[in-house]
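Reviewing the structure listed below.
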Amino acid sequence: MTKEDIRKPENLVYKKTELLTDKPLSYCPGCGHGTAHRIVMEVLEEMDIQDKTIGIAPVGCSVLAYEFMNIDMQQAAHGRAPALATAVKRLNPDKFVFTYQGDGDLAAIGTAETIHACNRGENIVIIFINNGIYGMTGGQMAPTTLPGMKSSTSPYGRDVHMMGNPLKMTELVAQLPGTIYVTRQAVHTPANVRKTKKAIRKAFENQKLNKGLSFVEIVSNCNSGWKMNPVQANEWMVENMFPFYPLGDIKVND
Amino acid sequence: MKELRLMKGNEAFAEAAIRAGADGYFGYPITPQSEVMEYLMAEKPHERTGMVVLQAESEVAAINMVYGGAACGKRVLTSSSSPGISLKQEGISYIAGAELPCVILNVVRGGPGLGTIQPSQSDYFQSTKGGGHGDYRMIVLAPSSVQEMADFARLGFDLAFKYRNPVLVLSDGAIGQMMEKVELDEQRPRFTEEEIIKNTPWATTGKTKDRERNIITSLDLDSAKQELHNHALQAKYKLMQEQETRYEMISCEDADYLIVAYGTSARISQKAVDVLRADGIKVGLLRPITLFPFPTEIISKLADQVKGILTVEMSAGQMIEDVKLAVGCRVKVEHFGRMGGIIPSPTEVVEAMQTKIIGG
Ligand SMILES: Cc1ncc(C[n+]2csc(CCOP(=O)(O)OP(=O)(O)O)c2C)c(N)n1
Ligand code: SF4
């Protein structure tokens, strides 16, 4: 079979969603951000809610999310995305609103905004990319950095007595009455990508039904920050991150 | 039909905001401005006009809620007092950078730090020279009566939308707390969805098939583009200076001496002018209504006419720098003020005028 034979429309099993722009992603090859972007946009396309969705981009490697996502977006100050989303949703109850945030954004500088938006039960979706490090600023320690894990500001490994313990935001917000659906997923294998996509779909469906806040953590890699190649980074993630941040639903209120 | 009421300054501001067609208020309690949110909550504007009122978890969250709402083309506002406004500076800088319209009320109290809960004017520098990071300006309206508290809520929205820029109403604890009669405007309808799409085509209202996506951001990693953005902002601020400078002149036509004062200080100074005039000393009062843009031109003109100028401010002397810039070295410019939440008495102003300007 020639390439031309294979590339016939009837053989097409997957195409890029139009909700992603053609701009080349600014992420390092192998980084989970790109896949996470893709499935969020696919969900919006499948639900046909592009014209009703307002996204909030964070500060961090995904600060430019609005360049890649072909929807109306607002770019928030570091950590404040849940505050923006709160107002956007309250003032536009018929729109779909989501934030897309890294762990430094959501679990350090923005802890208060995160917890209070969750606790108020804002009818929004929070997508939380946990790569255990500050990627954008060059691999410094995050609240989610594992004990013993090296970063540029914990060069000998995180010493929990000196630097405190990793913060499990997802378990934390699951305890709040305002959250309706809290789950932890990953995007390092096709099977996990499918599961994560299902979780994101469920989160947006919850918003459609006015149920309250859905919180989807995606444990991801930062191969650059971890100083590994993409394959090593994913293996390291499975071995070290998943035992500390176990995958699966934490709270499902149907 | 206008309506006459006896109200506190803070309440008048809140009621006027509802009547100005505000879509949302986001705030956090702090004395001496908590009545703004208390009034709004009690009034149930959600039932009256559909306006959203939310008590945020902090000033930081409140101003970022304002950012989110303004980015949707909505009429949104917040209020606070000095320490809270300091916390809002991050968001204000982002709002200015992203060119979003909103109204911010600062009911100033004595500082620095936790300070007092009594009135002060010590946030002038913060309000007019930036406050947050980056080269930006806000239109700063300085009310000196409960009536102006009400009027500036509506004017604030109009100017904010005209320039896509935050507007700060710089009040103080005296004007926020005092009761006066106030004439309230009629209820103006809130924007409809169609109006927002038409009037603010840049707003994030949901990307429809017939237009490009709208992005609200203050980020441009390309320095050349960032500089262009800064040039555009500066051009806008210049336009504000040309078009929006507002001030009131009292007894200035024949004045030999001048007092420059705004807000509460202007009210005290007006009494001092009356006392001095009764003694045959021709003193005038120039009251800046906009602190940015500052009425530089008229002060410069008056400097050719008078022999000396006193600024009266409830601070160590902050606006005096702008007066001196307007005047140059042509006439003597002195400052009189009280700090820490103390309002100067008219007698003190008369004395300062006599010792520092007339006799000095
Ligand atoms: C107020 C403020 N403080 C600090 C920064 C610098 N900063 C930019 S991104 C970042 C960390 C982002 O890390 P994370 O949220 O984990 O996202 P990642 O880059 O890993 O995807 C920091 C500290 C900033 N932009 N603003
Ligand atoms: S630095 Fe890390 S988080 Fe950022 S794009 Fe690269 S791999 Fe991804």
So which part of T205(B) gets closer than 4.5 Å to some heavy atom of chain A, the side chain, the backbone, both or neither? both
Show the numbers, then the answer: is there a side-chain contact (heavy atoms from CB on, under 4.5 Å) between I115(A) and E57(B)? CA-CA 10 Å; I115(A) 288 185; E57(B) 64 270 31; over 6 Å; no
Mind ranking I49(A), I71(A), V59(A), L64(A) by heavy-atom pairs under 4.5 Å with chain B and telling me who comes out on top? I71(A)
Within the supplied structure, the quantity of interest is the number of heavy atoms (other residues, nucleotides, ligands) at a distance under 6.0 Å from Q187(B) CD; does it exceed 12? yes
Output the distance between atom OH (Y94(B)) and atom NE2 (H78(A)), rounded to the nearest 0.5 Å. 8.5 Å
How far apart are the closest heavy atoms of D23(B) and L91(A), and which atoms are they? O-CD2, 3.2 Å
Heavy-atom pair with the smallest gap, counting every atom of V88(A) and G68(B): CG2-O, 3.5 Å
Given heavy-atom pairs under 4.5 angstrom as the criterion, report whether the side chain, backbone, both or neither of I63(B) touches chain A. neither
Can a donor-acceptor pair be found, under 3.5 Å and without considering hydrogens, that links the side chain of R213(B) to the backbone of Y66(A)? yes
So which residue, G69(B), A56(B), C72(B), ends up with the most heavy-atom pairs under 4.5 Å with chain A? C72(B)
Chain A contact via I215(B) - which portion, at a heavy-atom distance below 4.5 Å: both
Options K209(B), E90(B), E193(B), ranked by heavy-atom pairs under 4.5 Å with chain A, top entry: E90(B)
Approximate separation, where rounding is to 0.5 Å, of I54(A) CD1 and I216(B) CD1: 10.0 Å
Smallest separation among heavy atoms of M65(B) and A83(A), with atom names: CG-O, 3.2 Å
Tell me, for A98(B) versus chain A, whether the close heavy atoms (under 4.5 Å) come from the side chain, the backbone, both or neither. neither
Of all heavy-atom pairs between D72(A) and G206(B), which one has the smallest distance, and what is that distance? OD2-N, 2.8 Å
